[in-house]
Amino acid sequence: MLSNLKEHPADKILALAQAFKDDPRDQKIDMGVGVYKDAEGRTPVMRAIKAAEKQLWEAETTKAYVGLIGDPAFNTAMRGLILGDAVEDARLASAATPGGTGAVRQAFELLRLANPDATVWVSDPTWPNHMTILKYLGIPTQTYRYFDNSTRAVDFAGMMDDLKAVKAGDLVLLHGCCHNPTGANLSLAEWGVVADHLSATGAVPMIDIAYQGFGDGLEEDAAGTRHLASTLPEMLIAASCSKNFGIYRERTGILIAVSPDAGIAKVTQNNLSFLNRQNYSFPPDHGARLVTMILNDAELRADWQAELEEVRLGMLALREQLAAELRQRTNSDRFDFMAHHRGMFSRLGASPEQVEAMRESHGIYMIGDSRLNIAGLNTKTVPILAEAVVAAGV
Ligand code: LMR
């Protein structure tokens, strides 16, 4: 049996992380995998998480199973964090999942149960794992134009032109904020145009939101998602707590479905429980419990938000510094997009050869499509990157 297996191509993001580890140079700079790092290159446990863990250790009396959708309190708290009061609770169904990837996977499985003929529309480019999961599940896909390589901004005209071809019931996958891999995001007015188009065609949006709080702020980053939720009858939301709570390895995420009415929401909820049961029974609890404690406690929540804001502003300052360095070195404003992009990622617009050259000459690791993780920098390494970019002729 096992001799029938074939090797799968390595995941590019994870392979790069390994290549970085294997590089013996001291001066190397890791701008690969989407993990936040502080100025010392550490991925700290957030203060509120540590405090909640301490409280939990003292208060927790059992590790017995919780429930197929996880703790209802986690579901309520996360619905509030993402959706605010954009949609009445009776229309919502949700289930905790192992990380944001778990939520993405369950969303696609839910689609397969609900409408096996649907096509999933993904932005070109998108997070590579979207495509591999869809392919693995045998779900038909189409891409829509998203990123203009010359301006390094959203090609909104191209996007809407491509989305003319969506059919009723198709799923249109959108990044809620901090687009991965480009860093280029829709304006609120553009979210409005997308909503109108989906409403007219009957296609269903799916939001992947993994970086809420990393772009323009917790509320601002959810504005597009909330707009769709308040205007459309149906949508799916896959959310991750890995980045904004810094609990990557705890695998904490949630899938939320907005239904047209309470009756459909009830059946959807049943399907989410069923899917969890089929795939892993109970979602992990530890990270979800910490998130719930933080969101429901005024003091912990304030401290979490303050630290998240420090992280966000730190990345914005690095973006400004990088744009300024490159403006000075190239005597042009063609890298100003660095300061306009939001979140951890930007697509630099370098060729694979230039990416390779920067790795060889300066030990700079970014994904082959020239996605860079801005949190991999600090004020001292920004000039090194700027020098490498110019030297590589980007
Ligand atoms: C990334 O895009 O680097 C992150 O979302 C981590 C991952 O799982 O790929």
Side-chain angles (χ1 to χ4, degrees), residues 13 16-17 20 26-47 147 151-153 175 177-185 210-218 220-221 242-246 248 304-350 354-355 358-359 361-367 369-392 394:
I13 296 172
L16 189 77
F20 178 80
D26 286 338
Q27 299 304 324
K28 56 189 178 172
I29 303 174
D30 181 10
M31 304 187 75
V33 69
V35 172
Y36 171 75
K37 289 193 282 277
D38 64 16
E40 280 77 46
R42 288 182 306 233
T43 303
V45 181
M46 293 180 88
R47 297 185 298 260
F147 189 63
T151 61
R152 271 86 153 185
H175 299 221
C177 61
C178 309
H179 184 268
N180 179 4
T182 68
N185 296 294
Y211 298 90
Q212 188 183 353
F214 273 41
D216 291 308
L218 270 177
E220 293 83 347
D221 290 350
S242 296
K243 332 270 169 165
N244 53 5
F245 287 88
Y248 306 85
W304 168 66
Q305 286 190 197
E307 191 171 357
L308 182 59
E309 192 62 1
E310 286 162 29
V311 164
R312 186 179 80 80
L313 294 176
M315 289 192 297
L316 272 184
L318 290 168
R319 288 186 173 283
E320 295 284 352
Q321 190 194 347
L322 182 58
E325 282 278 346
L326 285 163
R327 205 175 301 134
Q328 197 208 342
R329 283 168 200 265
T330 61
N331 210 13
S332 81
D333 58 6
R334 65 196 172 88
F335 290 101
D336 278 11
F337 65 86
M338 275 294 167
H340 303 147
H341 286 169
R342 284 294 179 273
M344 259 201 268
F345 306 122
S346 272
R347 182 178 265 199
L348 182 62
Q354 289 167 329
V355 169
M358 286 185 271
R359 189 189 314 185
S361 63
H362 290 77
I364 290 169
Y365 282 73
M366 61 180 81
I367 311 293
D369 65 0
S370 78
R371 182 192 86 169
L372 53 83
N373 175 1
I374 203 81
L377 295 171
N378 60 38
T379 51
K380 293 196 189 68
T381 53
V382 165
I384 302 174
L385 173 64
E387 181 189 289
V389 168
V390 174
V394 180

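For this chain, numbers begin at 1 and follow the sequence in order.
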Dump the intermediate steps for side chain to side chain contact (heavy atoms under 4.5 Å, CB included) on F345 and I374, then the final yes or no.
-> CA-CA 6 Å; F345 306 122; I374 203 81; over 6 Å; no

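- Not one N or O on the side chain of D216 forms a donor-acceptor pair closer than 3.5 Å with the backbone of D221.
- A side-chain donor-acceptor contact under 3.5 Å links W304 to the backbone of N244.
- The CE atom of M366 lies 10.0 Å from the CD atom of Q354; values are rounded to the nearest 0.5 Å.
- Here the rule is side chain to side chain contact (heavy atoms under 4.5 Å, CB included) with F214, and of M315, R342, R312 only M315 fits it.
- Summarising the geometry, atom CZ belonging to R42 is positioned 10.0 Å from atom OH belonging to Y36; distances are rounded to the nearest 0.5 Å.
- By the 6.0 Å contact criterion, CD on Q328 is open, its count of non-hydrogen atoms from other residues, nucleotides or ligands being 12 or less.
- Across all non-hydrogen atoms, the minimal contact from F335 to L348 is CE2-CD1, 4.0 Å.
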CA sep, side-chain torsions, deciding dist, call: Q212, L308, side chain to side chain contact (heavy atoms under 4.5 Å, CB included) = CA-CA 10 Å; Q212 188 183 353; L308 182 59; over 6 Å; no

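- Rounding to the nearest 0.5 Å places CD1 of I13 at 5.0 Å from CD1 of I367.
- Between R319 and A339 the shortest heavy-atom distance is CB-CA, 4.1 Å.
- With hydrogens and angles ignored, the 3.5 Å screen pairs a side-chain donor or acceptor of H175 with a backbone N or O of N180.
- Here the shortest heavy-atom pairing between G32 and N373 reads O-CB, 3.7 Å.
- With hydrogens and angles left out, the side-chain atoms of R152 and T182 include no donor and acceptor closer than 3.5 Å.
- A pairwise comparison of heavy atoms in T151 and F337 identifies O-CB, 4.3 Å as the closest pair.
- Heavy atoms only, all atoms of each residue included: C178 and G343 are closest at SG-CA, 3.5 Å.
- Remark: side-chain polar atoms of Q321 are paired, donor with acceptor, to backbone N or O of T379 under 3.5 angstrom.
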Yes or no on side chain to side chain contact (heavy atoms under 4.5 Å, CB included) for T43 and Y248, after CA distance, side-chain angles and deciding distance?
-> CA-CA 10 Å; T43 303; Y248 306 85; 3.7 Å; yes

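- No side-chain donor-acceptor contact under 3.5 Å links S370 to the backbone of R347.
- Taking every heavy atom of both residues into account, A350 and M358 meet most closely at CB-CE, 4.1 Å.
- With contacts defined as side-chain heavy-atom distances shorter than 4.5 Å, the pair V33/L16 does not qualify.
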Tell me, with the steps shown, if L326 and R334 meet side chain to side chain contact (heavy atoms under 4.5 Å, CB included).
-> CA-CA 8 Å; L326 285 163; R334 65 196 172 88; over 6 Å; no

Table please: side-chain donor-acceptor pairs of residues 381-389 below 3.5 Å, with sequence neighbours left out.
residue: T381; atom: OG1; partner: N378; partner atom: N; Å: 2.8
residue: T381; atom: OG1; partner: N378; partner atom: O; Å: 3.2
residue: T381; atom: OG1; partner: N378; partner atom: OD1; Å: 3.3
residue: E387; atom: OE2; partner: H362; partner atom: NE2; Å: 2.9

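- At least one test fails for K28 against the ring of Y365: distance under 6.0 Å to the centre or angle within 45° of the axis.
- Although no hydrogens or angles enter the test, the distance criterion places no donor-acceptor pair under 3.5 Å between the side chain of K243 and the main chain of V35.
- Ring planes of H341 and F147: tilted class, angle from 30 to 60°.
- Every residue was checked against the side chain to side chain donor-acceptor pair (under 3.5 Å) condition with R359, not counting sequence neighbours, and none meets it.
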